[in-house]
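Only a predicted model underlies this, so the values are computations on that prediction, with no experimental measurement involved. In this chain, residues are counted from 1 in sequence order.
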Amino acid sequence: QVQLVESGGGLVQAGGSLRLSCAASGRTFSRYAMGWFRQAPGKEREFVAAISRSGDVTVYADSVKGRFTISRDNARNTVYLQMNNLGPEDTAVYYCAADDAPLATSRAKYWGRGTQVTVSS
């Protein structure tokens, strides 16, 4: 069982940056691939970024490539999402996810409750 708690969301102006964090409980964090997903109002949840267990492989949605960076610190049981050059289209609730597959790009076994990111134009 893994419990995930996101933090770092908020209101930012277009062009600004935010860094999301996701703290995981338990001592098995390094066994899980981690991912970030988001859900905007009236839309389905979509994949944003994923990172492998060791952190050596990362995958991004085309919409965030070059602007967002996912990373993890297995010693701190934490995964991060650095978001730069944010636009109103990035407004959504951002969810952290963990899975025992090599990468969490389309599904996940464990989910956090989400953190709201709002980008004003």
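Residue pairs meeting the ring pair (Phe, Tyr, Trp, His ring centres under 6.0 Å) criterion with at least one partner in residues 97-117, sequence neighbours excluded, are Y32-Y110, F37-W111. For residues 21-114, the pairs satisfying disulfide bond (SG atoms under 2.5 Å apart) are C22-C96, with sequence neighbours left out.
Taking R113 as the reference, nothing meets the salt bridge (charged side-chain N to carboxylate O under 4.0 Å, His left out) condition, with sequence neighbours excluded.
Here the closest heavy-atom approach between residue A101 and residue A33 is recorded as O-CB, 3.2 Å. The two residues A98 and L4 come nearest to each other via the heavy atoms N-CD1, 3.8 Å. Taking all atoms of both residues into account, the shortest heavy-atom contact from D73 to F29 is O-CE2, 4.0 Å. In terms of heavy-atom proximity, S30 sits nearest to N74 at CB-ND2, 3.6 Å. Closest approach of V2 to A24, counting heavy atoms only: CG1-CB, 4.1 Å. Between D99 and K109 the shortest heavy-atom distance is OD1-N, 2.9 Å.
Side chain of R72 to backbone of G55: no donor-acceptor contact under 3.5 angstrom is found. No side-chain donor-acceptor contact under 3.5 Å links R76 to the backbone of A23. Judged purely by atom type and a 3.5 angstrom limit, E6 uses its side chain to pair as donor or acceptor with the backbone of G114.
Taken together through direct or relayed side-chain contacts under 4.5 Å among Ile, Leu, Val, Met, Phe, Trp and Tyr, Y95 and Y80 form parts of separate hydrophobic clusters.
Here the straight-line distance linking atom CG of L103 with atom OG of S52 works out to 6.0 Å at 0.5 Å rounding. To the nearest 0.5 angstrom, N77 atom CG is 12.5 Å from Q3 atom CD. With rounding to the nearest 0.5 angstrom, the CZ atom of F47 is 9.0 Å from the OH atom of Y60. Atoms OG1 and CG, on T118 and L86 in that order, are 10.5 Å from each other to the nearest 0.5 Å. Here the straight-line distance linking atom CZ of R19 with atom OG of S7 works out to 9.5 Å at 0.5 Å rounding. In this structure, F68 CZ and T58 OG1 are separated by 14.0 Å, a value rounded to the nearest 0.5 Å.
Counting heavy atoms from C-beta outward, L81 and V79 have side chains that stay 4.5 Å or more apart. Looking only at side-chain heavy atoms (C-beta outward), M83 and V12 stay at 4.5 Å or farther from each other. Within the 4.5 Å cutoff, side-chain heavy atoms of S63 are placed close to those of R38.
Heavy atoms from other residues, nucleotides or ligands lying under 6.0 Å from CD of Q116 number more than 12.
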